[in-house]
**Q** 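Let me give you the structure first, and then I'll get to my questions.
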Amino acid sequence: MARLAVNIDHVATVREARGTKEPDPVLAAGIAELAGAEGIICHLREDRRHINDRDLQLLRQTVKTKLNMEMAGVEEMVEIALKTGPDLITLVPEKREELTTEGGLDVMAQIEYYTGITKRIKEAGIKVSFFVDPDSRQIRAAHKCGADIVEIHTGSYSEAKSDSEANERFEIISAAVKCAVDLNLDISAGHGLNYLNIKRFKSLPQINEYSIGHSIIARSVLVGFEKAVRKMIEIVRDF
Ligand code: PXP
């Protein structure tokens, strides 16, 4: 049985669109846990475009399952992580101009650097996951750096424009999963997974956890919309 960890960044994105206090990603995390999610993920970006330092602190105090802090492997974030103590760190590449994390981490190019970061984080009792493309060279590099987990980037599969492209890309993910299994790494997967394209992953039981954000937030806006409109109508009709 695989686990679901919910990425709550987009709740904060909506809050930041207005610069107000709602919706609060901390409350969303609690609701996700009440619904059965086995982990909460937030990405503290260097530009704080959605999740901010206050959110991270409160999430650390309130998340009862497992707090996974996604971050770039830069000194500022390493220090915040060591101070905050999430259960897990996921190292991701980060570009200011991107809308969301684009590719996987190029671990191969910086093995020594990431080995150093991994060692510091693990010494603090925090697990380390590397977000990598489904590429055996990157998976082996993550293993070499001391990763506990690899999160396989499913973006290329979820963005496939045809069935044959999706088949091809799913096969690449399957091969990456096999490589991670051979290295005894714990395996997660995520990016762009939704209520339809995730179904195929039933054939990959070696993936222990799925990190999903956008499709859940997108669905919740629509699923909850009618109820929210009805409530406001009830208030104004009483005037
Ligand atoms: N995993 C990582 C490393 C991510 O950066 C993201 C996006 O924030 C996700 C998973 C979740 O992707 P999505 O929001 O498309 O479900």
Side-chain angles (χ1 to χ4, degrees), residues 2-16 23 25 28-29 32 37-52 55-56 59 66-74 77 81 86-107 114 117 121 127-135 138-139 142 147-160 166 169 173 176-177 180 185-201 207-222:
R3 301 183 298 268
L4 172 68
V6 177
N7 181 314
I8 51 164
D9 293 349
H10 279 5
V11 178
T13 302
V14 175
R15 175 191 62 192
E16 295 307 312
E38 295 187 75
I40 299 296
I41 307 161
C42 67
H43 183 174
L44 187 69
R45 282 184 165 266
E46 289 180 87
D47 62 9
R48 310 296 198 271
R49 70 168 75 151
H50 39 52
I51 295 293
N52 59 34
D55 300 332
L56 181 68
L59 286 166
K66 196 179 66 183
L67 180 63
N68 179 352
M69 176 185 173
E70 262 181 38
M71 56 177 232
V74 296
M77 290 300 153
D87 300 286
L88 168 68
I89 290 292
T90 299
L91 292 169
V92 298
E94 193 173 300
K95 286 194 234 117
R96 272 181 191 253
E97 63 278 14
E98 69 192 358
L99 286 177
T100 179
T101 313
E102 283 170 356
L105 201 61
D106 188 2
V107 196
Y114 284 117
I117 288 184
I121 296 172
K127 286 194 169 182
V128 181
S129 174
F130 281 67
F131 184 55
V132 289
D133 287 329
D135 176 336
Q138 298 292 1
I139 293 170
D148 300 291
I149 303 162
V150 278
E151 181 182 338
I152 296 175
H153 195 327
T154 53
S156 67
Y157 159 76
S158 58
E159 285 155 21
R169 294 175 181 185
I173 291 174
V177 166
L185 287 162
D186 200 345
I187 309 169
S188 298
H191 213 285
L193 295 177
N194 61 36
Y195 294 79
L196 294 174
N197 65 18
I198 196 170
K199 290 187 177 165
R200 172 166 209 168
F201 283 82
I207 298 177
N208 299 312
E209 188 168 291
Y210 290 90
S211 302
I212 305 182
H214 183 83
S215 64
I216 294 177
I217 308 295
R219 190 182 182 98
S220 64
V221 169
L222 297 184

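Fair warning: this is a prediction, and the values are worked out from it, not measured in the lab. In this chain, numbering begins with 1 at the start of the sequence shown. Atoms within a ligand are numbered from 1 in the order they appear, just like the ligands themselves.
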**Q** What's the separation between atom OG1 in Thr13 and atom CD1 in Ile217, rounded to the nearest 0.5 Å?
**A** 8.5 Å
**Q** Between Tyr114 and Phe130, what is the ring plane arrangement, given parallel below 30°, perpendicular above 60°, and tilted in between?
**A** perpendicular
**Q** Work out whether the distance between some heavy atom of Ser215 and some atom of ligand 1 is less than 4.0 Å.
**A** no
**Q** Could you tell me whether the side chains of Ser158 and Asn197 share a donor-acceptor contact shorter than 3.5 Å?
**A**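 Ser158 vs Asn197: no donor-acceptor pair found between side chains.
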**Q** Report the distance from atom NE2 of His43 to atom CG of Asn68, rounding to the nearest 0.5 Å.
**A**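 Interatomic distance, His43 NE2 to Asn68 CG, rounded to 0.5 Å: 11.0 Å.
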**Q** Distance to 0.1 Å, residue and atom name: give those for the protein heavy atom nearest to atom 11 (C) of ligand 1.
**A** Ser211 O, 3.7 Å
**Q** Ignoring angles and geometry beyond distance, decide whether Gly192 reaches within less than 3.5 Å of ligand 1 through its nitrogen or oxygen atoms.
**A** yes
**Q** Have a look at ligand 1 and work out which part of Glu151, if any, has a heavy atom under 4.0 Å from it: side chain, backbone, both or neither.
**A** side chain
**Q** Nearest 0.5 angstrom please: Ser215 OG to Leu196 CG, how far?
**A** 9.5 Å
**Q** Give the residue, atom name and distance (to 0.1 Å) of the protein heavy atom nearest atom 16 (O) of ligand 1.
**A** Gly213 N, 2.8 Å
**Q** For the residue pair Pro86 and Ala81, what are the closest heavy atoms and their distance?
**A**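 Smallest interatomic distance, heavy atoms only, reads CD-O, 3.4 Å.
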**Q** What I'd like to find out is whether the side chain of Asp87 reaches to under 4.5 Å of the side chain of Lys127, using heavy atoms alone.
**A**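 No, every pair of side-chain atoms sits at 4.5 Å or beyond.
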**Q** Give the residue and atom name of whichever protein heavy atom lies nearest to atom 8 (O) of ligand 1, and the separation in Å to one decimal.
**A**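 Ranked first by proximity to atom 8 (O) of ligand 1 is Asn7 ND2, 3.3 Å.
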**Q** What's the shortest distance from atom 6 (C) of ligand 1 to any protein heavy atom, and which residue and atom give it?
**A** His191 CD2, 3.6 Å
**Q** Using distance alone, decide if ligand 1 has a nitrogen or oxygen within less than 3.5 Å of any nitrogen or oxygen in Thr90.
**A** no
**Q** Backbone or side chain, does any N or O of Leu193 fall under 3.5 Å from an N or O of ligand 1?
**A**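 Min N/O separation from ligand 1 is not below 3.5 Å for Leu193.
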**Q** List ligand 1 atoms under 4.0 Å from Val92, heavy atoms only on the residue side.
**A** 3 (C)
**Q** Of the side chain and backbone of Glu70, name the one, both, or neither that has a heavy atom under 4.0 Å from an atom of ligand 1.
**A**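 Answer for Glu70: side chain.
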**Q** Going by heavy atoms in the side chains, are Val6 and Ile216 under 4.5 Å from each other?
**A** yes
**Q** Closest non-hydrogen protein atom to atom 14 (O) of ligand 1, residue and atom name please, with distance?
**A** His214 N, 2.8 Å
